[in-house]
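Note sheet for the following structure.
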Amino acid sequence: MRPLRMAALGAVALAGWLAWTGGIPLPVPLPPTLPLPVPPPTTNIPIPRPPRLPDIRIPQPAPAITSPVQRILVEKSARRMTIFQRDGNPRVMPIALGFAPTGDKVKQGDGKTPEGIFKVDRLNDRSSFTLSLGLDYPRPEDRTRAQAQGVDPGGDIMIHGQPNQVEEGFRVKGDWTAGCIAVTNPEIRELFAHSSLGIEVEIRP
């Protein structure tokens with residue numbers, strides 16, 4: 001038994017010596033294992049639907065004027081005249097303007113159609129054109145402005161048809177008036193038949 005005991009002590013001593021000299025690598029302790037983060041439970045959040053927009057319907061232009069005219073809107077840049085009547089949808093007509101249409105009228109002979117709010121102050125069935133609705137230009141403010149510039153403000157601005165010299169059915173092309181607003185002969189007859197004095201006419205750039 002003694003030799004076995006001595007062998008065991010020798011083995012222990014040898015293992016200690018090898019460990020001390022680096023002959024046998026000691027096990028390196030592993031870092032502590034951290035628990036993996038658990039994602040929060042997912043919940044389906046309903047996305048609210050946008051509110052339903054109201055149906056917006058643009059009224060279709062009327063094919064003809066069938067009731068008294070209440071108001072006239074002229075949009076120079078669009079070459080468009082919208083006629084609002086008492087009953088029914090508005091009537092829309094293409095127009096021609098003065099031969100120099102851009103800008104407000106300042107003086108006689110400048111070829112510009114005036115801008116602003118006017119009123120129909122005369123209905124002429126013996127015009128140099130096929131019927132006409134005269135506007136109250138120049139207004140007092142137009143006269144004051146022209147006087148400050150030392151010029152004649154001009155006048156005789158109308159909504160009228162084609163010149164009497166041209167054949168029926170012919171339409172002068174382009175912007176050809178001296179500052180008035182021109183439509184075809186059938187259109188001016190339609191407008192003239194339903195118009196009266198005092199109608200507001202707004203002319204926009």
- Step-by-step salt bridge (Lys or Arg N to Asp or Glu O under 4.0 Å) determination, Arg122 to Asp156: CA-CA 10 Å; Arg122 59 198 184 278; Asp156 216 18; 3.2 Å; yes

- Task: Might you work through the side chain to side chain contact (heavy atoms under 4.5 Å, CB included) test for Asp104 and Lys112, ending with a clear yes or no?
- Result: CA-CA 6 Å; Asp104 195 3; Lys112 298 183 182 299; over 6 Å; no

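In this structure, the side chain of Thr113 does not engage the main chain of Leu97 through any donor-acceptor pair within 3.5 Å. A donor-acceptor pair under 3.5 Å is absent between the side-chain atoms of Glu200 and the main chain of Lys119, judged by distance alone.
Residues His194 and Arg86 are not in side-chain contact: their nearest non-hydrogen atoms beyond the backbone lie 4.5 Å or more apart. Looking at Val151 and Gln149, their side chains come closer than 4.5 Å, going by heavy atoms from C-beta outward. A 4.5 Å side-chain heavy-atom check between Pro163 and Phe170 finds every atom pair outside the cut-off. Side-chain contact between Val74 and Arg204: absent, with no pair of heavy atoms (C-beta onward) separated by less than 4.5 Å. With a 4.5 Å cut-off on side-chain heavy atoms, His160 and Ile181 do not count as touching. Between Arg71 and Leu73, some side-chain heavy-atom pair lies under the 4.5 Å cut-off. Tyr137 has its side chain within reach of Lys105: a pair of non-hydrogen atoms, C-beta onward, lies under 4.5 Å apart. Contact check for Ile203 versus Leu135: side-chain heavy atoms found under the 4.5 Å cut-off.
Ion pairing between Lys76 and Glu202 fails under the 4.0 Å rule for side-chain N and carboxylate O. Taking a cutoff of 4.0 Å between a charged side-chain nitrogen and a carboxylate oxygen, Arg79 and Asp175 qualify as a salt bridge. Salt-bridge annotation for Arg139 and Asp142: present, with a side-chain N of the basic residue lying under 4.0 Å from a carboxylate O of the acidic one.
In terms of heavy atoms, Ile65 sits closest to Leu191 at CD1-CA, 4.0 Å.
Summarising the local packing, CD of Glu75 is surrounded by more than 12 heavy atoms from other residues, nucleotides or ligands at distances under 6.0 Å. Atom CD of Gln60 has 12 or fewer neighbouring heavy atoms from other residues, nucleotides or ligands inside a 6.0 Å radius.
A donor-acceptor pair shorter than 3.5 Å cannot be found between the side chains of Glu141 and Thr144.
Take Thr130 and apply the side-chain hydrogen bond (donor to acceptor under 3.5 Å, both in side chains) test, not counting sequence neighbours, and it matches Asn185.
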